[in-house]
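Hydrogens, waters and symmetry mates play no part in the numbers below; they use all other heavy atoms, side chains included.
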Amino acid sequence: LAATHEDPAVIGASLEGMYQRYSSAEIEGKLPVDADYRSVTRFFLESDDAFVQGRAMEAVDHGLRGETPDPEAAAILSRLATEHTNAAGRFAALDALANYSSWQKDEGAAGAFLAALGDDTNYVISEALYRLQFATFGLLTPDGFMDAATKLLEHEDEGVRGRAVLFVGR
């Protein structure tokens with residue numbers, strides 16, 4: 001329904017339904033993520049409608065997890081995390097990208113988290129630091145992250161400084 005309807009409310013609701021009905025894990029009563037699921041969620045990640053794009057960022061989660069995570073979806077999210085014109089969009093893209101099971105080893109995804117440490121919006125920086133504090137092992141370029149986070153220890157926002165302390169202290 002999401003792929004064939006024009007009404008953003010119906011598309012968004014369909015994407016939410018997909019998220020509820022499918023899973024990347026083998027769970028009784030859930031459908032396995034397939035190529036169609038991945039294609040639809042990737043397509044709507046690019047939507048100009050904030051509601052539709054938000055539901056796609058939630059639904060793409062299943063395509064980013066499991067044994068065969070979707071690198072194409074991760075590439076779209078990596079771009080949105082750095083280029084979205086709305087800070088809430090960058091935040092949501094980082095939040096979704098954190099579910100990509102191998103983001104620490106993916107140059108584009110890791111680069112999006114590193115770039116977010118220089119964002120001009122405090123809650124985007126804080127989200128990146130929050131996700132990074134649980135993913136220090138296996139980072140593609142740990143020194144670059146440490147250098148950027150160390151600079152944030154002097155940030156004007158106390159929330160950003162606190163998250164930087166947690167990251168640097170690990």
field: Nonpolar side-chain network containing Ile27, other nodes, edges under 4.5 Å
entry: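 Ile27 shares its hydrophobic cluster with no other residue.
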Over all heavy atoms of both residues, which pair between [X] and [Y] is shortest? Give the atoms and the distance, please.
X      : Y      : value
Ala109 : Tyr100 : CB-CD2, 4.2 Å
Ala56  : Thr41  : CB-O, 3.9 Å
Ala73  : Leu64  : CB-CD2, 4.0 Å
Ser101 : Gly66  : OG-O, 3.9 Å
Ala93  : Ala81  : CB-N, 3.6 Å

task: Any ring-ring contact (aromatic ring centres under 6.0 Å, His included) involving residues 139-170? Give me the pairs, sequence neighbours left out, ordered by first then second residue.
output: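 Found none.
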Report whether [X] and [Y] are members of the same hydrophobic cluster (ILVMFWY, side-chain heavy atoms less than 4.5 Å apart, transitive linking).
X     : Y      : result
Met18 : Val52  : yes
Leu31 : Tyr37  : yes
Ile76 : Val124 : yes
Leu80 : Phe44  : no
Val60 : Val33  : no

- prompt: How about Val160 and Leu129: do any of their side-chain heavy atoms sit closer than 4.5 Å?
  reply: yes
Contact list for residues 22-35, test side-chain hydrogen bond (donor to acceptor under 3.5 Å, both in side chains), sequence neighbours left out: none
field: Any donor-acceptor N/O pair, Tyr19 side chain to Met57 backbone, under 3.5 Å
entry: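 Not at all, since once roles are kept as given, no pair shorter than 3.5 Å links the two residues.
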query: Taking the side chain from Arg163 and the backbone from Glu158, do they hold a donor-acceptor pair closer than 3.5 Å?
result: no
message: side chain to side chain contact (heavy atoms under 4.5 Å, CB included), that's the test. Do Val40 and Leu15 meet it? Break it down for me.
response: CA-CA 9 Å; Val40 168; Leu15 287 164; 4.0 Å; yes
- request: Please check if atom OH in Tyr130 has more than 12 non-hydrogen atoms from other residues, nucleotides or ligands closer than 6.0 Å.
  value: no
Output every pair passing salt bridge (Lys or Arg N to Asp or Glu O under 4.0 Å) with a member in [range], not counting sequence neighbours, ordered by first then second residue.
range            : result
residues 130-144 : Asp95-Arg131, Glu127-Arg131
residues 98-126  : Arg90-Asp119, Arg90-Asp120
residues 35-63   : Arg42-Asp70, Arg42-Glu72, Glu46-Arg79, Arg55-Glu58, Asp61-Arg65

Output all residues satisfying ring pair (Phe, Tyr, Trp, His ring centres under 6.0 Å) with [X], sequence neighbours left out; order by chain, then residue number.
X      : answer
Phe43  : none
Phe113 : Trp103
Phe51  : none

task: Using side chain to side chain donor-acceptor pair (under 3.5 Å) as the criterion, list what pairs up with Thr82, not counting sequence neighbours.
output: none
query: Residues in side chain to side chain donor-acceptor pair (under 3.5 Å) with Gln53, at least two apart?
result: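 Expected list: His84.
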field: Spatial distance of atom CD1 (Ile11) from atom CD (Glu6) [nearest 0.5 Å]
entry: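 Nearest 0.5 Å value for the CD1-CD distance: 8.0 Å.
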query: Between OG of Ser126 and CG of Leu94, what distance do you get to the nearest 0.5 Å?
result: 11.0 Å
- request: Can you sort out the partners of Ala75 under side-chain contact (heavy atoms from CB on, under 4.5 Å), two or more places apart, ordered by chain and number?
  value: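 So Ala75 forms no side-chain contact (heavy atoms from CB on, under 4.5 Å) with any residue.
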